[in-house]
Amino acid sequence: MTVAVIQFGGSNCDRDSVQALEEIGVEAELVWHEDGLPEDVDGVMLPGGFSYGDYLRAGAMAGRSPIMEEVKTAAEDGTPVLGVCNGAQIGCESSLTPGAFTTNESARFQCEHVYLRVENADTPWTRAYDEGEVIELPIAHGEGRYEIADDRLEELEADDRVLFTYCDADGTVTPEANPNGSKHAVAGITGDRGDHVAVMMPHPERVALADLGHTQGQGVLEGFET
Amino acid sequence: MTEFTATVTVTLKHGVLDPEAETTQQALERLGFELQDLRSADRFEIDLDADSADDAAERAEEMAERLLANPTIHDYEVTVSET
């Protein structure tokens, strides 16, 4: 399993992602977006950052870059794809995943630790956890408020496509525990092509190195293990 | 071919929260202005050569569909004038 971590101009979690993947024994390589997707990769990670300076909308330009067509084709063929933070915005802008991540309710950039409740533990990205388990990961975004039509969100919930919701330390979803005003407190969802495609705003790769003391994010990255 | 300017105005769909507009409204109110509501929009002015105004509008609409607007949260409007 070699995971391509795609670099766009302005990506800044790319090397962290490679290091976090290697920490759990998953081979990872940086791929500059203009070079296209290597043929031998069997996983794709869209890392966080500020691709194209967040111009127009976060993820709008990168989401329409040529490599994303290749990523979509790979996703159709069953290649696991994970988008984190700016990667999540790119995932939604490219229609890999439904909905949009837009300006935080606070209208501010927020960098803080949040609690997440695992809503569906039956996906590659969450099988390391139990349903209802509370994990703590950091967020760092200005445009992370999940927005989608109400009826579409109800469909996603009915189909068990919500991975994580923002909650308090006890696992209760409250308005106070929702850092950005996301609809129904959604922090991560799976793609239209199956649960091997997923996006999330919180950063699992920032809580994945044993040397730094906490490794709770490793479970998400283990979705790349076959 | 004629030179046209197509103006694409992108607005948030009704009901979608606009935190920037709310913050702007609060700032105006702090300055003493009285207002009931405020909505923000993005405007793009696109100069292009086209056979007709309809052709220019069609191309600008495609630009809005494919990049300038996000259909999940946005509505857009296109107007065309001769440059």
Side-chain angles (χ1 to χ4, degrees), chain A residues 51-52 54-66 68-69 72 88-110 141-153 155-156 175 178-186 189 191-192 199, chain B residues 4-48 56-80:
Chain A
S51 57
Y52 297 87
D54 277 355
Y55 292 158
L56 193 61
R57 298 177 301 277
M61 314 276 187
R64 288 157 181 81
S65 59
M68 286 309 296
E69 289 305 317
K72 280 194 245 184
Q89 296 159 337
I90 293 168
C92 282
E93 281 285 347
S94 67
S95 303
L96 263 178
T97 46
F101 291 103
T102 186
T103 314
N104 292 350
E105 194 174 15
S106 65
R108 291 180 182 188
F109 188 90
Q110 286 172 254
H141 60 243
E143 298 179 42
R145 177 169 57 91
Y146 190 62
E147 186 61 65
I148 190 168
D150 291 337
D151 54 346
R152 187 83 181 93
L153 181 52
E155 278 173 31
L156 296 180
N178 184 340
N180 52 27
S182 285
K183 201 173 263 191
H184 293 199
V186 170
I189 45 159
D192 293 331
V199 298
Chain B
F4 293 97
T5 297
T7 301
V8 179
T9 306
V10 178
T11 53
L12 283 167
K13 277 188 199 293
H14 185 70
V16 175
L17 191 69
D18 188 347
E20 287 182 11
E22 281 181 22
T23 308
T24 308
Q25 177 172 352
Q26 285 163 13
L28 285 170
E29 285 166 347
R30 269 201 304 277
L31 290 171
F33 292 104
E34 282 182 30
L35 63 162
Q36 272 64 54
D37 199 10
L38 181 152
R39 288 165 295 282
S40 70
D42 288 325
R43 188 172 86 167
F44 303 90
E45 295 176 358
I46 304 159
D47 296 337
L48 67 180
E58 198 176 306
R59 282 163 54 194
E61 273 166 28
E62 198 183 340
M63 293 177 204
E65 289 279 337
R66 289 189 54 190
L67 177 67
L68 301 177
N70 178 337
T72 302
I73 52 173
H74 290 138
D75 288 325
Y76 68 87
E77 201 179 79
V78 175
T79 57
V80 171

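Just so you know, these numbers use all the heavy atoms, side chains as well, and skip hydrogens, waters and symmetry mates. Below, read A as the first sequence line, B as the second, and so on, with proteins coming before strands; counting in each chain starts at 1.
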Let's test your reading of the structure: which of A:E105, A:M61, A:R57 forms the most heavy-atom pairs below 4.5 Å with chain B?
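Ranked by contacts with chain B, first place is A:R57.
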
For [X], is the [atom1] atom crowded, meaning more than 12 foreign heavy atoms sit under 6.0 Å from it?
X	atom1	value
B:E29	CD	yes
A:Q110	CD	yes
A:F109	CZ	yes
A:R108	CZ	no

Stepwise side-chain contact (heavy atoms from CB on, under 4.5 Å) check, A:E147 with B:K13
CA-CA 11 Å; A:E147 186 61 65; B:K13 277 188 199 293; over 6 Å; no

Would you mind checking which part of B:L17 comes under 4.5 Å of any heavy atom in chain A, side chain (CB onward), backbone (N, CA, C, O), both or neither?
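The answer is both parts of B:L17.
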
Pick one of side chain, backbone, both or neither for B:A69, based on which atoms fall under 4.5 Å of a heavy atom in chain A.
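Answer is backbone: N, CA, C or O of B:A69 sit under 4.5 Å from chain A.
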
Taking atom OG1 of B:T72 and atom OH of A:Y146, what is their separation to the nearest 0.5 Å?
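Result: 8.0 Å between the selected atoms.
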
Tell me, for A:T102 versus chain B, whether the close heavy atoms (under 4.5 Å) come from the side chain, the backbone, both or neither.
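Looking at A:T102, just its side chain touches chain B.
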
With a 4.5 angstrom heavy-atom cut-off, could you sort out which part of A:R152 is near chain B: side chain, backbone, both or neither?
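No part of A:R152 comes within 4.5 Å of chain B.
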
Minimum heavy-atom distance between A:A60 and B:L67, given as atom pair plus value:
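Reported closest heavy-atom pair: O-CD1, 3.8 Å.
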
